[in-house]
Amino acid sequence: MTLPSKYQNGSIDSSLKGVYRASPVKLLIYGKGTAKQLADVVTELGGTKAFIITGRSLYEKTPVIKTIEKSLGSVHGGTFSKIGQHAPIGDIREATDLMAKSGCDILISIGGGSPIDSAKAIAYNIHQETGKWIPSIAVPTTLSVAETTQNAGFTTEELHKIAVSNPELVPKAVVYDGELAIYTPLNLWTSTGIRSLDHAVELLYHPLASEIPTKRLALEAIKDLFIYLPQSKANPDDADIRTKLFIACYASLFPFLYTGGVGLSHSIGHAIGATYSIPHGITSCLSLAPTVHFKASNPEEAKQIARVIPYIGKQSTGSDEKDSHIVADAIAELVEKLGHKTSLTTYNVPMGDSEEEAIAIRALHSKEHKDFANLKKIVHDLY
């Protein structure tokens, strides 16, 4: 779906002109124990039976899904618990078939980006077949922030990452429960926190992102992510800190209706994630700091990145380019502090010119793109 462009500024600097299109999110609930209110949320959205979409680890290794199934009571109409990393199309097709036969009229996605995007894709498939939109509720357990967008990314049998997009795919309700989040392994939790940081930083130079509310909230999110991610690593069982990070991640990609990609760092992540089985959070740990260093040479983009300086407790040099490099270095330091590796070699990505070129082509979709040579160098330096 292409949005009307007549109001769009088309400029990276939206401080004096821009547009914000409100998303279809109707309800945001956050706090410890809020997942126990899911039956009420289903009713508020006009549903009667809910079908849960989740992954195997959350279902088999934690009490999260069983607890939610019990709290839903008679509202629970089924569970599909086999969604794999990067939302494989085969899993989505199987879940779509079961959902269609279940008699349920609402989807509840529980987990990270893969279950949440899968629920969107299931809703899209059902609409394609019936013409009816099935609403969804997102109950995130990571900080990847798939719950705020109209895009449903999934992986084809050929391991290519593609997406469908429609405003109706935005979850109608989001429930952030810090008590559920403590079951998320710390490494996954903090790496998806960097994914959230990736969203916030790249929105600052996104040409469709408005100053209010998107960029202002993104800056506040960056501040909170720098504060609370290290605290969460030091206190992994603190549900209150995890709730604060949920709020920050929502602000990092505050719901707005955009089409296409978020930015270059995200494009690199999509190019290496599904192909080499690297989780989304880790791809951002690899790509964000180098991307910001690269963007520092573009005056218009550097001006936006430099706005981050006071939010992370740094002193401005008076130069947007130098300040952008300071931001990039701070991101790299945060990733290191959280204990994440930043080398493609660590994740067994094959080396060589042809592999680097293939990654760059997947990221930019063409060797003719103006940033192709620069991106190939970024990829080379990630080894």
Side-chain angles (χ1 to χ4, degrees), residues 57-58 85 111-114 140-146 176 178 180-204 218-253 262-263 265-266 268-269 272-273 276-293 305 308-309 311-314 324-349 378 381-383:
S57 292
L58 204 57
Q85 183 172 275
S114 294
T141 58
T142 75
L143 300 169
S144 57
V145 213
Y176 289 130
L180 298 186
I182 62 174
Y183 293 102
T184 301
L186 186 60
N187 186 65
L188 174 60
W189 176 254
T190 57
S191 68
T192 57
I194 300 298
R195 183 67 169 178
S196 180
L197 182 64
D198 201 347
H199 299 324
V201 171
E202 295 226 285
L203 283 186
L204 292 177
L219 288 166
E220 289 295 327
I222 290 167
K223 180 183 73 176
D224 286 351
L225 289 164
F226 266 83
I227 292 171
Y228 294 122
L229 280 171
Q231 288 186 19
S232 195
K233 179 177 172 60
N235 304 280
D237 295 328
D238 192 319
D240 287 338
I241 294 175
R242 295 212 178 197
T243 298
K244 289 177 181 179
L245 282 165
F246 270 143
I247 296 169
C249 86
Y250 193 80
S252 77
L253 193 57
V262 179
S265 177
H266 284 68
I268 297 171
I272 63 177
Y276 307 109
S277 298
I278 303 175
H280 282 313
I282 297 298
T283 64
S284 291
C285 293
L286 290 162
S287 64
L288 181 55
T291 296
V292 174
H293 276 303
I305 296 168
V308 173
I309 286 289
Y311 289 87
I312 58 174
K314 303 294 184 180
S324 294
H325 285 303
I326 291 173
V327 171
D329 288 340
I331 292 168
E333 289 169 10
L334 177 61
V335 171
E336 184 177 356
K337 184 186 295 185
L338 296 175
H340 299 298
K341 306 297 183 183
T342 54
S343 164
L344 288 176
T345 310
T346 305
Y347 301 98
N348 302 313
V349 177
I378 290 173
D381 291 344
L382 287 176
Y383 285 94

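Everything numeric in this text was worked out from a predicted model, so none of it was measured. Note that these values count all heavy atoms, side chains included, but never hydrogens, waters or copies made by symmetry.
Pairing each heavy atom of Ser252 with each of Leu203, the nearest pair is O-CD1, 3.3 Å. Closest non-hydrogen pair, Gly113 versus Ser144, comes out as N-OG, 3.1 Å. For Ser196 against Ala248, the heavy-atom pair with the smallest separation is OG-O, 4.4 Å. Taking each heavy atom of Phe226 and Pro230 in turn, the nearest pair found is O-CD, 3.2 Å. Annotation for Thr283 and Gly273: closest pair CG2-CA, 3.9 Å, computed over non-hydrogen atoms. Taking every heavy atom of both residues into account, Ser284 and Arg195 meet most closely at OG-CD, 3.0 Å.
The shortest distance between side-chain heavy atoms of Ile305 and Leu204 does not fall below 4.5 Å. Proximity of Thr141 to Tyr183: side-chain heavy atoms (C-beta onward) are nowhere separated by under 4.5 Å. His340 places a side-chain heavy atom less than 4.5 Å from the side chain of Ile282. The closest side-chain heavy-atom distance from Asp224 to Tyr311 is not below 4.5 Å. Side-chain atoms of Leu143 and Leu229, non-hydrogen and from C-beta on, do get closer than 4.5 Å to each other. Residues Leu197 and Leu334 form a side-chain contact, since some pair of their non-hydrogen atoms from C-beta on lies under 4.5 Å apart. When side chains are defined from C-beta on, Val327 does not count as touching Ile222, because their heavy atoms never get closer than 4.5 Å.
Here Leu288 contributes atom CG and Asp198 contributes atom CG; the two are 4.5 Å apart, rounded to the nearest 0.5 Å. Once rounded to the nearest 0.5 Å, the distance linking CG of Leu286 with NZ of Lys341 reads 12.0 Å. Taken from CZ in Arg242 to CG in Leu180, the straight-line distance is 11.0 Å, to the nearest 0.5 Å. Thr192 OG1 to Asn187 CG: the interatomic distance, rounded to the nearest 0.5 Å, is 9.5 Å. Distance check: Ile378 CD1 to Ser287 OG gives 9.0 Å after rounding to the nearest 0.5 Å. A distance of 6.5 Å separates CG of Leu245 from CG of Leu225, quoted to the nearest 0.5 Å.
The residue from Thr190, Leu186, Thr184 that alone fulfils the side chain to side chain contact (heavy atoms under 4.5 Å, CB included) condition with Leu188 is Thr184.
Looking at Glu202, its side chain does come within 3.5 Å of a backbone N or O of Ser265 through a donor-acceptor pair.
Take His266 and apply the ring-ring contact (aromatic ring centres under 6.0 Å, His included) test, not counting sequence neighbours, and it matches His199. Scored by the side-chain hydrogen bond (donor to acceptor under 3.5 Å, both in side chains) test, Tyr176 finds Glu147 as partners (sequence neighbours excluded).
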Practice task
Report the C-alpha separation of Leu338 and Ile194 in whole Å, then their side-chain angles, then the decisive distance to 0.1 Å, and conclude whether the side chain to side chain contact (heavy atoms under 4.5 Å, CB included) test is met.
Solution key: CA-CA 9 Å; Leu338 296 175; Ile194 300 298; 3.8 Å; yes

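Evaluation of the side chain to side chain donor-acceptor pair (under 3.5 Å) test over residues 225-240, restricted to residues two or more places apart or in two chains, returns Trp189-Ser232.
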